[in-house]
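The structure appears right after this line, and notes come after that.
Counting begins at 1 with the first residue of the sequence.
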Amino acid sequence: MTAPRIRALPRIRALPRIRALQESDYPSLIAQVDEWWGRPAAHMLPRLFLRHFHATSLAAVTDQGVLAGFLVGIVSPSEPGEAHTHFIAVAPGHRRSGLGGVLYRRFFELAGGQGCRTVTAVVSPGNTRSQRFHLATGFEAIPLPSAGPPGTAKVTGTDSPAATEGLAGTESLPVWKDWDGPGEDRVRFSYAL
């Protein structure tokens, strides 16, 4: 009689250490962000964000000192009680590990500690992965009352059944036409702290 074969347990990887994002992280971050997002995104992240908003921005760093993810957040100087996430990204090898949620929870603590009651984020209508992530994190897609009535549109690229696979919950999100300028539509999210 042979002994039953025992399957190897999956290796549990420790989450990277979270620290303040620093301007010195910029070269590493900007060299990888397009690959992490799967499209050009570096133009949305000028160095000034790391220079002027590092106190409310976070880096996830492995034991080897490698950047595994980051969040660029801002406590609004103009909208009392509101913070905004300008950018969040997780390296492909660290996705589905909970790291994005850890970055957001830490940012929620930072923002709440500075008197914020709300955290906002905007996402491109076609970025359904980010939309699903924000909804799963507890964000709600809501229109911004002061911006007037939103346009609504079907998420781009969803005309065929194959294209809608995995879009659950994102098809009817309000799309703000020209939110970030002509042709720059966005879905706006809000999280109540």
Side-chain angles (χ1 to χ4, degrees), residues 10-77 83-111 114 116 119-137 139 155-157 163 166-167 170 176 178-189 191:
R11 186 170 168 235
I12 297 173
R13 178 178 21 163
L15 281 176
R17 177 177 61 87
I18 307 298
R19 63 162 171 77
L21 195 57
Q22 301 163 356
E23 187 176 358
S24 60
D25 293 319
Y26 190 75
S28 172
L29 180 153
I30 210 68
Q32 301 175 86
V33 74
D34 288 350
E35 179 185 336
W36 289 8
W37 270 44
R39 62 186 167 89
H43 67 281
M44 296 186 293
L45 195 59
R47 182 184 290 266
L48 74 88
F49 284 100
L50 277 68
R51 182 169 182 81
H52 296 286
F53 301 108
H54 58 84
T56 53
S57 298
L58 304 165
V61 182
T62 67
D63 290 339
Q64 295 76 34
V66 177
L67 192 64
F70 66 93
L71 182 150
V72 175
I74 302 162
V75 171
S76 177
H84 181 77
T85 306
H86 175 67
F87 217 100
I88 183 168
V90 174
H94 291 272
R95 292 190 184 139
R96 308 213 48 89
S97 68
L99 181 56
V102 168
L103 286 165
Y104 255 128
R105 283 190 298 281
R106 185 70 65 85
F107 182 62
F108 295 158
E109 291 171 8
L110 284 170
Q114 294 188 35
C116 294
V119 173
T120 61
V122 294
V123 177
S124 296
N127 191 346
T128 56
R129 179 188 304 166
S130 181
Q131 291 170 24
R132 287 190 310 271
F133 167 71
H134 281 85
L135 291 169
T137 303
F139 281 83
V155 175
T156 57
L167 298 183
T170 63
W176 287 81
D178 302 327
W179 177 261
D180 278 335
E184 298 295 330
D185 303 344
R186 298 291 181 261
V187 175
R188 188 169 190 275
F189 290 93
Y191 184 93

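Contacts of S76 classified as side chain to side chain donor-acceptor pair (under 3.5 Å), with partners at least two apart in sequence or in another chain: none. Remark: E35 pairs with no residue by the side chain to side chain donor-acceptor pair (under 3.5 Å) rule, at least two apart or across chains. The salt bridge (Lys or Arg N to Asp or Glu O under 4.0 Å) test applied to D34 returns no partner, not counting sequence neighbours. Applying the side chain to side chain donor-acceptor pair (under 3.5 Å) rule to R106 yields no partners; only residues at least two apart in sequence or on another chain are considered. Every residue two or more places apart in sequence or in another chain that forms a salt bridge (Lys or Arg N to Asp or Glu O under 4.0 Å) with R51 is listed here: E23.
Counting heavy atoms from C-beta outward, F70 and V33 have side chains that approach closer than 4.5 Å. Side-chain atoms of F133 and I88, non-hydrogen and from C-beta on, do get closer than 4.5 Å to each other. Contact check for S57 versus V72: side-chain heavy atoms found under the 4.5 Å cut-off.
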Donor-acceptor pairs under 3.5 angstrom involving side-chain atoms of residues 36-50: please list them, not counting sequence neighbours.
none

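The minimum heavy-atom distance linking D178 with D185 is given by the pair N-OD1, 2.8 Å. S124 and R186 make their closest contact through OG-NH1, 3.6 Å (heavy atoms, listed as atom of the first residue, atom of the second, distance). In terms of heavy atoms, T62 sits closest to A68 at CG2-CB, 4.1 Å. Contact detail for F108 and V119: the closest heavy-atom pair is CD2-CG2, 3.8 Å. Scanning both residues, V75 and C116, for their nearest heavy atoms gives CG1-SG, 3.7 Å. The nearest pair of heavy atoms linking L103 to A89 is CD1-O, 4.5 Å.
Panel note: side chain R188, backbone T120; no donor-acceptor pair is recorded below 3.5 Å. Side chain of Q131 to backbone of P125: a donor-acceptor contact under 3.5 angstrom is found.
To the nearest 0.5 angstrom, Y191 atom OH is 8.5 Å from T137 atom OG1. Remark: H84 NE2 to F107 CZ distance equals 9.0 Å, nearest 0.5 Å. Rounding to the nearest 0.5 Å gives a distance of 9.0 Å between CG of L21 and CG of L71.
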Practice task
Go through L135 and R132 one step at a time and tell me if the side-chain contact (heavy atoms from CB on, under 4.5 Å) criterion holds.
Solution key: CA-CA 5 Å; L135 291 169; R132 287 190 310 271; 5.6 Å; no

Problem - Trace of the side-chain contact (heavy atoms from CB on, under 4.5 Å) decision for H94 with V66 - result: CA-CA 11 Å; H94 291 272; V66 177; over 6 Å; no

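Note: Y104 and H134 meet the aromatic proximity criterion, with ring centroids under 6.0 Å apart.
Between W179 and W176, the angle of the ring planes goes over 60°, which puts this pair in the perpendicular group of the 30/60° scheme.
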